[in-house]
2 protein chains.
Amino acid sequence: MTIDRLLNPASVAIIGASDNPNKIGGRPIRFMRMFGFQGEIYPINPARTEVQGLKAYKSVSDLPQTPDAAIIAVAGAAVKEAVAACAELGVGAAVIMASGFGETGAAGKALEQEMRAIAHKAGMRLIGPNSLGVANFGNGAVLSFATMFLEAAPADGPVACISQSGAMSVVPYGLLRERGIGVRHVHSTGNDVDVTVSELAISVVQDPDIRLVLLYLESLSDPANLAEAARLAHARGVRLIAVKSGRSDDGRRAAASHTGAIATSDRLVDTFFEKIGIWRATGTADLVDCAELYLKAAPPRGRNLAIVSNSGATCVLSADAAEREGFQLARLGDATVANLREILPEFAATVNPIDITAALLSNSGLFGQVLPALGADDAVDALIVGIPVSGEGYDYPRFARDARDFVDRFAIPLVAAIPQPKVRAAFTELGIPCFPTDEQAVTALGRFTRHHEQIAAAASREAFVPKALPDRASRVLDESRSLAILEEYGIACMRRRLCSDLDQALAFLRSNGGPVVLKACSAEIPHKSDHGLVRTHLSTEEDVARAYDDITARVKAGGWEISGILIGEMVRGERELVIGGHIDPHFGPVVMVGDGGELVEAMPDNILLLPPFTREEVAAQLAKLRLAPMFEEIRGRIRIDRESVVEAVMAAGAIMQDRRIRSLDMNPLIADAEGLVAVDALVEECVAS
Amino acid sequence: MTIDRLLNPASVAIIGASDNPNKIGGRPIRFMRMFGFQGEIYPINPARTEVQGLKAYKSVSDLPQTPDAAIIAVAGAAVKEAVAACAELGVGAAVIMASGFGETGAAGKALEQEMRAIAHKAGMRLIGPNSLGVANFGNGAVLSFATMFLEAAPADGPVACISQSGAMSVVPYGLLRERGIGVRHVHSTGNDVDVTVSELAISVVQDPDIRLVLLYLESLSDPANLAEAARLAHARGVRLIAVKSGRSDDGRRAAASHTGAIATSDRLVDTFFEKIGIWRATGTADLVDCAELYLKAAPPRGRNLAIVSNSGATCVLSADAAEREGFQLARLGDATVANLREILPEFAATVNPIDITAALLSNSGLFGQVLPALGADDAVDALIVGIPVSGEGYDYPRFARDARDFVDRFAIPLVAAIPQPKVRAAFTELGIPCFPTDEQAVTALGRFTRHHEQIAAAASREAFVPKALPDRASRVLDESRSLAILEEYGIACMRRRLCSDLDQALAFLRSNGGPVVLKACSAEIPHKSDHGLVRTHLSTEEDVARAYDDITARVKAGGWEISGILIGEMVRGERELVIGGHIDPHFGPVVMVGDGGELVEAMPDNILLLPPFTREEVAAQLAKLRLAPMFEEIRGRIRIDRESVVEAVMAAGAIMQDRRIRSLDMNPLIADAEGLVAVDALVEECVAS
């Protein structure tokens, strides 16, 4: 509610108000009056009686009423005093614009925490410090000093930009305004000491006029709030797109030895965003490029694309781009083809892509006839209209009207590709999403469709609530005990025996037959094969005896503690897989599955999952693996049973939600058409501390 | 030389000249006069004495001189007559604008060939039919009816657009003109019956004012001409970028059983373009997006990037994009860092990326100080300048001048990222390549750098001349004979013996030891293992005898012809590789190398090479394999010897240039740190027909 007081204030105090409308303490006053704020504006300036024509007050305590929001435009020690004064008065939220706090070091961080404590005690929320401000062009509450609002004139609209960085709150704003798209909310949280981007998103997605929310994040301190924002957004048909920067730093953080470490936290951000249905944009252009589709196109209904153009080259290029984006070319019904034959000249192509040819020049009605014919065909899920050649001699305003008629009649997304600015403008003015080139149009449609699919999948599941878990003390279990835990959860493991002497090993060989594998069983040695402590393909008693003695000798030489020598059946299969799990401090349990064996780190092919997850979710993610073709039969012989993998991943999910377990590493699991068998495992168990 | 007569004509005849300046036969006259053509224009129209104020002639034979070029703007049967008349007169080249020829079917194709024969007999060249025309804005010879020249006003400049498609000749033109870039040549070859895009490229790259040539190709009928154009271009510092469309169709053409078929012809286009140093763009936007870099930036000199911005977020986003594009962040020298500490305020970042912070607002001279400090540092190969926040209050014209001074002083490419149009314009006007966002700037610089690297590699090798080779009759050799050919060329093969009875096989086992492999040796059976005709891991005489009998029985049951049973050593290694080769009808010999074994088609990881190639070239391409990490030691144990792979690929190149061989398939080759051993092979030998 206090965030609502901030974004929809009845009154705003400006502490450090300036008569100069271009100073930090002057701009917000100028902006609120310029952009139609109807509430009270209270300049606070002990040195003046009037600021920019408004009555000024010596301090907040002199105000005739408690303001909903305060702008703290002073600097240094005065900031904390202002926070305290506002808190005491019962102000809803204060925006701290000054920099020089947490970003300068430990002292600054401590000061931030003090201010936060003062505010929270009084139920007040803080934005910043180091915030460019918050701006709501729906009501003129522009508590911001952003120069960009003088550069690109504001217009209220269905978009919100919320960012930690000031620059990245106004750059998307500017790019959208240039394209004529209205933006209501432009908020920057700066050092994020209290109110986060995610919290503002929760508030903004509930604004009934908002359709699209663009976020810029440098950290993800409160994923649960972001998940909640996404849940609320989906329920209201609002779309969230986010840039989470710092991929490259995170990429470097990969640790080498532990399976969980393959899951760099940046990849986990990808997983998390997909799971909650937020599109992760790669950068600023990607953040804003598809805005018209989100705001103006019908929701995607499938991946069968029809392409119409007056140029054969555009047809070819669009078809190329369509394949790249995972679209199929819609197979038009017989009736549609017959219909197109009637409409189009003989030399035109009536199969998709549809080349209506230069005949468009002499018959301006072609689009008006072709488009409804395609709209009436259930095989068509989406439409690309390419008009690379037009202008003088062409009745392109009519083409645009025909496209508009189509959009009004059919719930099918239509995207136009038009290089000429004035022709494109004719379409844009009628609300048709439009890109200069065919590849841009198809790429945008592809990404819009994928996002829609992600949202539909997210909405079909129980909402995901990430749970931050404190790290706990743990100990590594040896292979024998690790495998026993997997079996508890229903994961098939190799037949085996933990031996304390050679006779036991030989007895296993005799009763189970060979070949067998022999390994030192120890919680101490992570990569046993690197130390010659794993012997495979042992078929005879001599082989086993020799290997047993050699491993025993090496263990002795290494000074390792072992719980015995593990003898097990040699499991053959088509592929070695890996399943791992760890606890992420922000997201909680994480499961990883992919290609296993010794190259698991050198040539990674794996995906991450955030439990709880459904079988469908696991299957959908498995399809993204490079080795996914192995789930279907290859050359009539080779296959991995997908269901067994799904089951094992479900089990891993259950294990990782068992709070006794801190990490899990099954590598390899031997997979074939019959199933999946774990032949090595390492489990870390939490210990009471 | 006739192409030169076409592009630089002293006189042009228009057959079917129209008084209406917007008809096909009228536009070229209008354009030539509008755009300053200084030569003679001869309208041909039997029905008129004057056309657009010019004296008209009844036929070309009435002309006072033989025109260098003729535009054939008539249609139907009159086209062939006009071609014949021009040929008889000695016209250099004729542009046929009418459609309705090859694209309509066999009759049209035949007519095209007739016209071509008539022209060639007289030494005349044809453009089209179905051509939008050719246009040279350097001399006003605009033999074109493109509406786009009325939409986007022409300006002579250093760019050429050459395309089979009319639309794709003018769309890049339009997009460049919108950005203020001058374009001299705009040519469309239409049905390509005679003069090809590649031939025009050969001519255009020799125009001393041209710096950048953009091509659109739907077919690649004369790769040798394109290679020649590239060779000439590199020698003159002209850059070639091409869209070759139809990727998706070609992608489908992959055939399943034969190794060579993994090389879809579209991938071969990628290989060919890279080999000759032409950048293959994915589509129209990609074709034109980097034009400013090609025209205005210093040539790339390396991959160490410095990033400067007044926004921390831009620094982070640029660093992310830099990693994605394969740049390292330049490690600035100590002197540079000390220098930056002097220049920048205390809270700024003096390590790369350099965040000069909002201090830019109060100190407009910061860029002018920081940029030369970076330019003087040898560690800096390229520079990204991001100014996301600027406008009112900022002296951005000075920032632009400072960037210009840097460009004038240092041979280092500088690319700016500026979202605000008016600020961007200030930079663009001074010739600084500029993009709206950091990711676009870094992506463009990355692609510019890669292209430069490709050109440098191409220029360091002997020029590649693709040789179209007619397909020849061939026969498949059995494994024994295939391996013998590999050994001739120095490829290590498994020790083996072709046995005609079991005793020979047992003798091999006794002398070589086990385990061994047994296979039916036959030229008839492509996938022997699919038929149970390969037995591995045979260690004892019993094993061998049983396998021998079983294979013999299966061969009998299958009714196959075999040349014996091949017994061979079991070769162990780290990875199965594949090397293949085939003859492409357009490009000649092709070699493929990559990950081998049974999943070679289901999970492809391979690269293509066009012989002849150098060791360096092979090594550079091998680095692109997903399995490339295996060339370095993994976990202290696993490694494939790169040199052995390079040697085997060189040998495969030599084999494929041996005209006796039609195709080659070594799968698997067993690779480890010691070398590479072929354990199965299939060679197709050409036979005299």
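Remember, it's a predicted structure, so these values are computed and weren't measured experimentally. Naming convention: chains lettered A, B, ... in sequence-line order (proteins, then strands); numbering from 1 in each chain.
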task = Compare every heavy atom of A:Pro629 with every heavy atom of B:Ala602, then report the nearest pair and how far apart it is.
result = O-CG, 3.5 Å
Test log, rule side chain to side chain contact (heavy atoms under 4.5 Å, CB included), inputs B:Asp530 and A:Arg637 = CA-CA 8 Å; B:Asp530 289 354; A:Arg637 246 171 332 113; 2.6 Å; yes
query = Can A:Glu439 and B:Thr284 be counted as having a side-chain donor-acceptor contact under 3.5 angstrom?
reply = no
note = Value for NZ (A:Lys244) from CG (B:Asp320), rounded to nearest 0.5 Å, stands at 8.0 Å
message = Please classify the contact of A:Arg177 with chain B as side chain, backbone, both or neither, using a heavy-atom distance under 4.5 Å.
response = neither
message = Please report the interatomic distance CG(A:Asp289) to OG1(B:Thr437), rounded to the nearest 0.5 Å.
response = 8.0 Å
query = Taking A:Ala285, A:Gly166, A:Gly174 one by one, which has the highest count of heavy-atom pairs under 4.5 Å against chain B?
reply = A:Ala285
query = Top residue by heavy-atom pair count (under 4.5 Å) with chain B, among A:Gly391, A:Ser165, A:Ala146?
reply = A:Gly391
message = I need the residue from A:Thr314, A:Val423, A:Ile634, A:Val243 with the largest number of non-hydrogen atom pairs under 4.5 Å to chain B.
response = A:Ile634
ask   = So what's closer than 4.5 Å to chain A heavy atoms on B:Ser390: side chain, backbone, both or neither?
value = backbone
query = Got a second to check how far B:Leu627's CG is from A:Met603's CE, nearest 0.5 Å?
reply = 5.0 Å
inquiry  = Less than 4.5 Å apart, side chain to side chain, heavy atoms only: is that true for B:Asp605 and A:Arg626?
reply    = yes
request  = Please flag which part of B:Asp438 lies under 4.5 Å from any non-hydrogen atom of chain A: side chain, backbone, both or neither.
outcome  = side chain
ask   = Who wins among A:Pro388, A:Ala152, A:Gly636 for the most heavy-atom pairs under 4.5 Å with chain B?
value = A:Pro388
ask   = For the atom pair CG (B:Asp286) and CD (A:Gln440), what is the distance rounded to the nearest 0.5 Å?
value = 10.0 Å
message = What part of B:Glu598 gets within 4.5 angstrom of chain A, counting heavy atoms only: side chain, backbone, both, or neither?
response = both
request  = Go through the atoms of B:Tyr216 and report whether side chain, backbone, both or neither lie under 4.5 Å from a heavy atom of chain A.
outcome  = side chain
request  = Give the member of B:Gly312, B:Pro421, B:Pro436 that has the highest number of heavy-atom pairs under 4.5 Å with chain A.
outcome  = B:Pro421
key: For A:Gly283 against B:Leu317, the heavy-atom pair lying closest together   = CA-CD2, 4.4 Å
note = Note: B:Thr147 and A:Glu392 closest approach over all heavy atoms is CG2-O, 3.4 Å
message = Under 4.0 Å between a side-chain nitrogen and a carboxylate oxygen: does that hold for A:Glu601 and B:Arg635?
response = no
key: Distance-minimising heavy-atom pair for A:Val316 and B:Ser245   = CG1-OG, 3.3 Å
key: Minimum heavy-atom distance B:Ala313-A:Met168, with the two atoms named   = CB-CG, 3.6 Å
ask   = Between B:Pro419 and A:Glu178, what is the shortest heavy-atom contact and its length?
value = O-OE2, 3.3 Å
Choice from A:Lys422, A:Met630, A:Gln420, A:Arg324 maximising heavy atom contacts with chain B below 4.5 Å = A:Gln420
inquiry  = One pair to check against side chain to side chain contact (heavy atoms under 4.5 Å, CB included): B:Met148 and A:Val389. What are the steps and the verdict?
reply    = CA-CA 7 Å; B:Met148 189 66 89; A:Val389 177; over 6 Å; no
